[in-house]
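As the structure lists them, so they are numbered: ligands from 1, and atoms in each ligand from 1.
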Amino acid sequence: MMTANEIRDSFKKFFESKGHTIVPSAPMVIKDDPTLMFTNAGMNQWKDIILGTREPEPRRRADTQKCLRVSGKHNDLEEVGHDTYHHTMFEMLGNWSFGDYFKEGAIDYAWEYLVDVLKLNPADLYVTVFEGSEEEGLTRDDEAASYWAKHVPADHIINGNKHDNFWEMGDTGPCGPCSEIHLDSRTPEEKAKVPGRELVNKDDPQVIEIWNIVFMQYERKANGSLVPLPMHVIDTGMGFERLVRAMQGKHSNYDTDVFQPIIKEEEAITGMKYGEKEETDVAMRVCADHLRAVAFSIADGQLPSNAKAGYVIRRILRRAVRYAYTFLGQKEGFLYKLIPVLTREMGEAFPELKAQHDLILHVIKEEEDSFLRTLEKGINMLNSAMDELKKQGKTELDGVQAFRLFDTYGFPLDLTELICRENGFTVAADEFDAEMQKQKERARNAAAVENSDWVILREGEQQFVGYDFTEYECHILRYRKVTQKKNTYFE
Ligand code: SER
């Protein structure tokens, strides 16, 4: 059986043998693009080349890219841990052609790699093609379908709509029709009952997309129009963790050697077993997943904080802390203890983990310690609030309480929502936002400083005499009254 590290290497080797330059992953944290906080697709770092404003050479490239999908157009956070194949941070294996090969070449390479090199069974593979969209004025991608027909029987080619088969980076930017490759990993009995083609894109955990091949042809402008790109571009993204699962014959990404070493460590620390109880399993998966997102983010220079990208990371980390606290019985820092295993397993492929090991460990420990100081009180408050609501026959937590949890106990809104959801409650998010707004107003007013005019007592020059004297008789030349945060003082 190939290990995860061997599979990653084999992808690079295959595309290298096809004339691709192997390039390193771009950082997961993006500092210079106002439309994105985190890399959410392998193509992000090539956006300018795709739009024609940067040199395209070398025109064939391949890599594994660290991606994070927790905000914006591509957001998988709610699924993570509850299912077995979505992640916050994941690796995307990609090959690119900037004005070199196009649909036929990309389809042929993908097929050769999966079937000839990795020996996946073609009978388990289904492919999708864009069915067209009247609204966009686009017809079916017959061209891609004709190339697929060289490799797979007609009943393994499935039409997909704009949602699944027209890939867009965000509200604006490069986009185009795409073909996905799905893998059916059900048992032979299940396959005999329901053909895999009926389960493609239907959220079946055993029939999942493994590779997306995007035929970049357009740029989406802010007014919604599609403008042809200066050249045709191939952008492919294969879910590394899903591929490893396929290659290792597992039914869950967490059963592969990408996650098992971390889960084993979780078992060792908690004394609990993975695979015995659903809520323990979810918590172990959440922690194993979130740990990677937070560690890689810190390695790339984004520390948890109270604003923007930093707050996204803090929210992920606090979500994990709460799972560990409630379901794994961890009343003290836990995630930071998993860092040595993560570094051991992934440090070869991503040397930044090794280089930043101590920083990552300390930052996570600090964050855990600080949240754990208020977590229990917050959970108690939330539990009593829910009990009270239950008595009143209500199922919605008001925004004032949700805001108190945020402001006093450090509960991100999505964490409060998560706990509420687990107990059959919703949260009045609009009211929460209104409270947040009020808080900002208060802070603005509190920060305002009011100065009265100077009162001049004497004419004269200020002088510093501290180098020569420790005591000195002096006179106040002028003073004024300053009012800030309701405090008044004189300066
Ligand atoms: N950009 C596509 C995706 O992210 C293929 O790489 O799925």
Side-chain angles (χ1 to χ4, degrees), residues 8 11-12 14-15 20 22-26 28 30 33 35-51 59-77 79 85-98 100-103 105-107 109-111 113-114 126-130 141 144 148 160-183 200-201 208-220 226 229 231-243 253:
R8 190 190 290 110
F11 179 86
K12 292 183 188 166
F14 174 78
F15 280 100
H20 291 65
I22 306 304
V23 293
S25 169
M28 195 171 76
I30 298 181
D33 184 341
T35 65
L36 272 184
M37 285 196 280
F38 298 101
T39 297
N40 64 10
M43 51 70 64
N44 294 162
Q45 64 165 321
W46 315 121
K47 185 174 153 188
D48 293 344
I49 300 183
I50 299 172
L51 294 178
R59 287 176 184 267
R60 293 179 176 217
R61 306 183 196 194
D63 67 359
T64 180
Q65 172 65 50
K66 300 170 282 188
C67 297
L68 191 66
R69 288 196 170 170
V70 288
S71 51
K73 198 172 177 69
H74 301 280
N75 184 353
D76 297 327
L77 186 62
E79 272 90 7
Y85 60 104
H86 280 99
H87 300 290
T88 51
M89 181 261 163
F90 63 100
E91 283 182 62
M92 191 181 270
L93 302 173
N95 57 293
W96 280 271
S97 157
F98 303 118
D100 192 321
Y101 61 87
F102 198 43
K103 296 188 184 182
I107 288 172
Y109 284 150
W111 196 256
Y113 179 61
L114 291 181
Y126 292 85
V127 300
T128 59
V129 296
F130 179 49
D141 192 355
W148 281 121
N161 59 21
K162 190 173 126 181
H163 173 71
D164 290 324
N165 282 86
F166 192 86
W167 199 86
E168 310 203 38
M169 185 183 114
D171 293 333
T172 58
C175 55
C178 61
S179 263
E180 301 164 343
I181 304 176
H182 293 252
L183 176 85
V200 165
N201 276 331
I208 57 172
E209 176 195 340
I210 53 170
W211 203 343
N212 189 13
I213 302 172
V214 184
F215 313 116
M216 291 287 189
Q217 286 173 259
Y218 309 101
E219 178 183 357
R220 172 82 68 189
L226 292 176
L229 289 174
M231 65 185 160
H232 282 168
V233 168
I234 286 297
D235 152 24
T236 88
M238 175 146 59
F240 173 66
E241 296 77 5
R242 294 181 182 189
L243 178 68
N253 293 5

Next on the checklist: For the backbone of Tyr85 and the side chain of Arg242, can you confirm whether one donor and one acceptor N or O come within less than 3.5 Å of each other?
Outcome noted: yes

Checklist entry - Do any nitrogen or oxygen atoms of Gly237 come within less than 3.5 Å of a nitrogen or oxygen of ligand 1? => result yes

Checklist entry - Is there a side-chain contact between Glu91 and Arg8 (heavy atoms, below 4.5 Å)? => result yes

Checklist entry - Would Tyr126 and Asn201 count as having a side-chain donor-acceptor pair, cut-off 3.5 Å? => result no

Next on the checklist: Judged on heavy-atom distance to atom 3 (C) of ligand 1, which of Trp96, Trp167, Trp211, Trp46 sits nearest?
Outcome noted: Trp167

Checklist entry - Arg69 to ligand 1: N or O pair under 3.5 Å? => result yes

Item to check | Check: His87 ring centroid to Phe240 ring centroid under 6.0 Å | outcome: no

Next on the checklist: Does the residue Met169 have a heavy-atom contact with ligand 1, meaning some pair of atoms that are separated by less than 4.0 Å?
Outcome noted: no

Item to check | Mutual orientation of the aromatic rings belonging to Phe15 and Tyr109 [parallel < 30°, tilted 30-60°, perpendicular > 60°] | outcome: perpendicular

Checklist entry - With a 4.0 Å heavy-atom cut-off (strictly under), which part of Ile213 contacts ligand 1: side chain, backbone, both or neither? => result neither

Checklist entry - Going by the atom numbers of ligand 1, which of them fall below 4.0 Å from some non-hydrogen atom of Asn212? => result 2 (C), 3 (C), 5 (C), 7 (O)

Checklist entry - Atoms of ligand 1 less than 4.0 Å from Thr236 heavy atoms? => result 5 (C), 6 (O)

Item to check | Element-labelled atoms of ligand 1 that are located less than 4.0 Å from some non-hydrogen atom of Ala41 | outcome: 4 (O)

Next on the checklist: Taking Asp63 first and then Lys12, would you say they form a salt bridge - that is, a charged N and a carboxylate O separated by under 4.0 Å?
Outcome noted: no

Checklist entry - Short list, please: which atoms of ligand 1 are under 4.0 Å from a heavy atom of Met43? => result 1 (N)

Checklist entry - Can the ring centres of Phe102 and His232 be said to be less than 6.0 Å apart? => result yes

Checklist entry - For ligand 1, does Asp235 get within less than 4.0 Å through its side chain, its backbone, both, or neither, judged by non-hydrogen atoms? => result both

